[in-house]
There are 2 protein chains.
Amino acid sequence: MTLNHTMSNPECRRHLLPIRDALDILSGKWKLQILVSLLLGNKRFREMQREVDGITARMLSKELKELEMNRLVKRTVHDTTPVTVEYSLTDYGRSLQPVLTALENWGLEHRRRILTEALPV
Amino acid sequence: MTLNHTMSNPECRRHLLPIRDALDILSGKWKLQILVSLLLGNKRFREMQREVDGITARMLSKELKELEMNRLVKRTVHDTTPVTVEYSLTDYGRSLQPVLTALENWGLEHRRRILTEALPV
DNA sequence: GTAACCGGTTTCCTAAAGTATACCAGTATC
DNA sequence: GATACTGGTATACTTTAGGAAACCGGTTAC
């Protein structure tokens with residue numbers, strides 16, 4: 001009756017792994033907001049903390065470190081008094097934009113569907 | 001689901017909300033594998049459980065319900081003896097393919113970068 | 001009758017993710 | 001000398017995601 005495609009299929013794995021990689025990088029409650037915030041311009045630590053509503057210093061610090069490790073965000077220390085730290089997107093970080101746009105478009109369509117579906121009882 | 005964090009910038013919010021919607025739907029350890037499994041053909045419950053390596057009945061049931069609620073997956077009960085249940089992707093579920101492709105392409109590039117970066121000690 | 005399939009549910013538990021709060025050294029302002 | 005800014009840490013706590021295992025009624029096959 002049903003065709004028996006095996007998922008343990010390496011073909012399948014080959015597709016899944018990079019998708020997982022991408023999703024892992026965007027996972028968590030805050031990374032996305034941080035990236036979008038940086039897409040709108042470079043930011044300093046406290047500045048981001050004020051902008052990304054509700055995030056604690058601990059989480060912001062943790063997420064920025066992960067993003068930096070993944071080469072999406074650059075951390076620059078300026079030798080001013082007091083020392084200021086500037087966070088910016090790398091070119092690589094900016095390369096996420098098409099992915100974010102694909103997600104955004106799909107998400108918009110989804111919202112539209114869910115809303116119009118909810119109208120007729 | 002849980003997303004009440006108003007980002008100060010309304011422009012920013014407008015972009016973030018649909019992206020979050022999309023990511024929420026793909027979030028978790030199993031949804032992606034379930035979707036890819038169903039992209040390869042319709043499946044019955046036990047069949048998927050065998051195919052998606054390591055998933056428990058509890059999680060499979062839970063994730064399928066969520067995917068069904070989001071109209072990505074259709075559950076069909078066939079009046080055979082014993083009753084069989086068939087899961088399939090909706091057209092809407094299939095509409096995720098461009099998103100998955102965008103994620104996959106970016107993930108591939110990311111892998112390539114991380115690997116080539118690791119080479120020079 | 002008993003074992004093994006079907007499509008799940010229930011309960012309990014752990015590991016991870018995230019939160020709250022206090023704290024650090026340094027500088028500048030009143 | 002108290003307050004508030006800079007960029008964060010440290011510790012302790014709660015909340016959630018996911019896992020393990022037992023169980024359910026029903027059907028078929030031995």
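This one's a predicted model, so the numbers in the text were calculated from it and none came from an experiment. Residue numbers begin at 1 in each chain, while the letters A, B, ... track the order of the sequences.
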Taking NE2 from B:H78 and P from C:dG8, how many angstroms apart are they, rounded to a whole number? 12 Å

Counting distance alone, no hydrogens or angles: does the base of D:dG7 have a donor or acceptor under 3.5 Å from a partner atom on the side chain of A:R44? no

Between B:Q49 (CD) and C:dT9 (C1'), how many Å, whole number? 13 Å

B:E104: salt bridge (Lys or Arg N to Asp or Glu O under 4.0 Å) partners, not counting sequence neighbours: none

Are B:K62 and C:dT9 close enough that a side-chain N or O sits under 4.0 Å from OP1 or OP2? no

Spacing between A:M59 atom CE and D:dT16 atom P, to the nearest angstrom: 14 Å

Take the protein atom CG of A:D79 and the nucleotide atom P of C:dG26, then report the distance between them rounded to whole Å. 15 Å

Got a sec, which residues hit side-chain hydrogen bond (donor to acceptor under 3.5 Å, both in side chains) with A:D21, two or more places apart in sequence or on another chain? B:R111

I need the CG-C1' distance between B:L64 and C:dT9, as an integer number of Å. 14 Å

Under-4.0 Å salt bridge between B:E109 and B:R112: yes

Whole-Å gap separating C1' (D:dT6) and CZ (A:F45): 11 Å

If you find the nucleotide of DNA chain C closest to A:E63 and the one closest to B:Y87, which residue's nucleotide is nearer the 5' end? B:Y87

For D:dT9, take OP1 and OP2 only and decide whether either is under 4.0 Å from a side-chain N or O of A:K65. yes

Among D:dG7, D:dT28, D:dA20, which is the nearest nucleotide to the side chain of B:P82? D:dT28

Ignoring backbone atoms, establish whether A:T81 has a side-chain N or O less than 4.0 Å from OP1 or OP2 of D:dT6. no

Nearest whole Å is fine: how far is C:dT27 P from A:R46 CZ? 16 Å

Answer yes or no: does a side-chain N or O of A:R75 lie under 4.0 Å from OP1 or OP2 of D:dG8? yes

Determine the interplanar angle of the A:H110 and B:Y92 rings, folded into 0 to 90°, and report it as parallel if under 30°, tilted if 30 to 60°, perpendicular if over 60°. parallel

Does B:T101 use its side chain to pair, donor to acceptor, with the backbone of B:Q97 at less than 3.5 Å? yes

Look at all strands and tell whether B:G54 reaches a base, only sugar-phosphate, or nothing, counting heavy atoms closer than 4.0 Å. nothing

Can you check whether B:S37's main-chain N or O pairs, donor with acceptor, with B:K43's side chain at less than 3.5 Å? yes

If you compare every side-chain N and O of A:T84 against the phosphate oxygens of D:dT6 (OP1, OP2), does one of them come in below 4.0 Å? no

So how far is it from B:W106 CH2 to A:I19 CD1, rounded to the nearest 0.5 Å? 13.5 Å

Take the protein atom CG of B:L60 and the nucleotide atom C1' of C:dC6, then report the distance between them rounded to whole Å. 14 Å

Calculate, to the nearest 0.5 Å, the distance between atoms CD1 and CG belonging to A:I34 and A:L72 respectively. 11.5 Å

Do A:R58 and C:dT21 have a side chain to base donor-acceptor pair shorter than 3.5 Å? no

For the side chain of A:A57, counting heavy atoms from C-beta on, which of D:dG8, C:dC6, C:dT19 is nearest? D:dG8

Starting from the first five and the last five pairs of the helix from C:dG1-D:dC30 to C:dC30-D:dG1, work out the angle between the resulting helix axes, to 10 degrees. 20°

